[in-house]
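Reviewing the structure listed below.
Counting starts at 1 for both ligands and their atoms, following the listed order. As a basis for the values below, the full set of heavy atoms in this structure was taken, side chains included, without hydrogen atoms, waters or symmetry mates. We're numbering straight along the sequence, starting at 1. Note that the coordinates shown come from a computational prediction; the quantities given were computed from them, not determined experimentally.
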Amino acid sequence: MEILDGKKISNLIKDEIKNEVEKMISKNIRPPHLAAILVGDDGASLTYVSSKVKACERVGFKSSLFRFNKKISEREILLKIDKLNKDNLIDGYIVQLPLPPHINEEKILLAVDPKKDVDGFHPTNFGRMALDMDAFIPATPFGIVELLKRYQINTIGKHCVVIGRSHIVGRPISILMSQKSENTNSTVTLIHSRSNNIKEITKSADIIISALGIPEFLKAEMVKKNVVIVDVGITRVLDKSKPKGYSIKGDVDFKTVSKKASFITPVPGGVGPMTIAMLLKNTLKARKLSIQLN
Ligand code: GUN
């Protein structure tokens with residue numbers, strides 16, 4: 001069994017990005033600028049956004065964090081989005097999800113200028129991705145494909161089972177893994193909470209990408225020998241023995257499944273750091289796009 005070390009690979013990618021930024025600066029070109037909108041005080045969202053801001057510093061990007069009270073109106077967020085869309089000094093931005101229930105997520109995501117949509121959540125980018133056109137690819141699925149590629153895992157013709165149909169991970173990764181490319185070209189099955197015969201399907205998988213959010217859902221008896229496991233789950237589970245009062249659990253029962261797997265991502269240190277690296281990659285792409293446009 002070999003660990004798919006997302007932390008290590010994400011650091012390599014961040015170094016590559018940093019080099020590009022240094023080249024930009026040496027040519028008197030302004031470095032990329034990423035902004036984030038964070039509504040409310042959800043602990044997990046705050047942690048994720050802080051990691052994104054810190055990663056910007058590491059690669060030499062400028063970053064701006066706009067925090068709003070959870071009672072903010074939809075109109076006020078839309079006004080902020082309009083400002084960010086018009087601001088030539090901001091190349092890309094994200095609206096951290098989830099948003100409070102009184103805010104229509106769909107309306108917010110539709111308001112983001114697709115050219116600045118570094119999360120790749122706007123239908124224009126999602127549609128372009130699905131049609132094999134150049135697009136911003138959502139950071140987590142993008143990171144999964146990149147991690148498999150850097151470990152030279154053969155995905156061609158393999159049965160890839162995706163667990164979960166979220167707009168952020170399950171749905172897009174199922175599209176990417178089936179695409180005609182050297183690093184994908186898999187036969188994809190997407191399963192979800194209403195699927196029948198889950199165990200039969202997972203047992204026939206060469207690659208399993210789990211984005212379900214149920215701690216330790218995938219057990220050893222549900223997988224075949226030498227399977228490749230990508231665990232996207234990051235659920236906070238109460239744990240009084242930890243200083244923070246919780247521990248982070250993936251979707252996979254790592255202890256037993258890792259004994260059967262050929263490759264497996266750890267949680268934490270697998271997909272999470274890759275997501276941040278690919279968000280930076282998308283922001284660099286947005287900056288290059290803005291240079292071409294101006
Ligand atoms: N919430 C969970 N994952 C993500 C992500 O990748 N981007 C944003 N904006 N919100 C999230």
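Atom 6 (O) of ligand 1 has as its closest protein heavy atom Asp119 OD1, 3.9 Å.
Residue contacts with ligand 1 include Lys52, since one or more of its heavy atoms lies under 4.0 Å from the ligand. Look at Phe121 and you'll find a heavy atom under 4.0 Å from some atom of ligand 1.
Residues Thr155 and Thr184 bring no donor and acceptor atom of their side chains to less than 3.5 Å of each other. For Asn88 and Arg30, the side-chain atoms include no donor-acceptor pair closer than 3.5 Å. Thr47 and Arg236 form a side-chain donor-acceptor contact under 3.5 Å, judged by distance and modelled atom types alone.
In summary, Asp113 and Lys115 engage in a salt bridge, as defined by a charged side-chain N under 4.0 Å from a carboxylate O.
Taking a cut-off of under 4.0 Å to the non-hydrogen atoms of Val95, the atoms of ligand 1 that pass are 8 (C), 9 (N).
At a heavy-atom distance under 4.0 Å, atoms from both the backbone and the side chain of Leu97 approach ligand 1.
Checked against a 3.5 angstrom limit, the closest N/O atoms of Gln96 and ligand 1 fall inside it.
A donor-acceptor pair under 3.5 Å is absent between the side-chain atoms of Asp239 and the main chain of Ser247, judged by distance alone.
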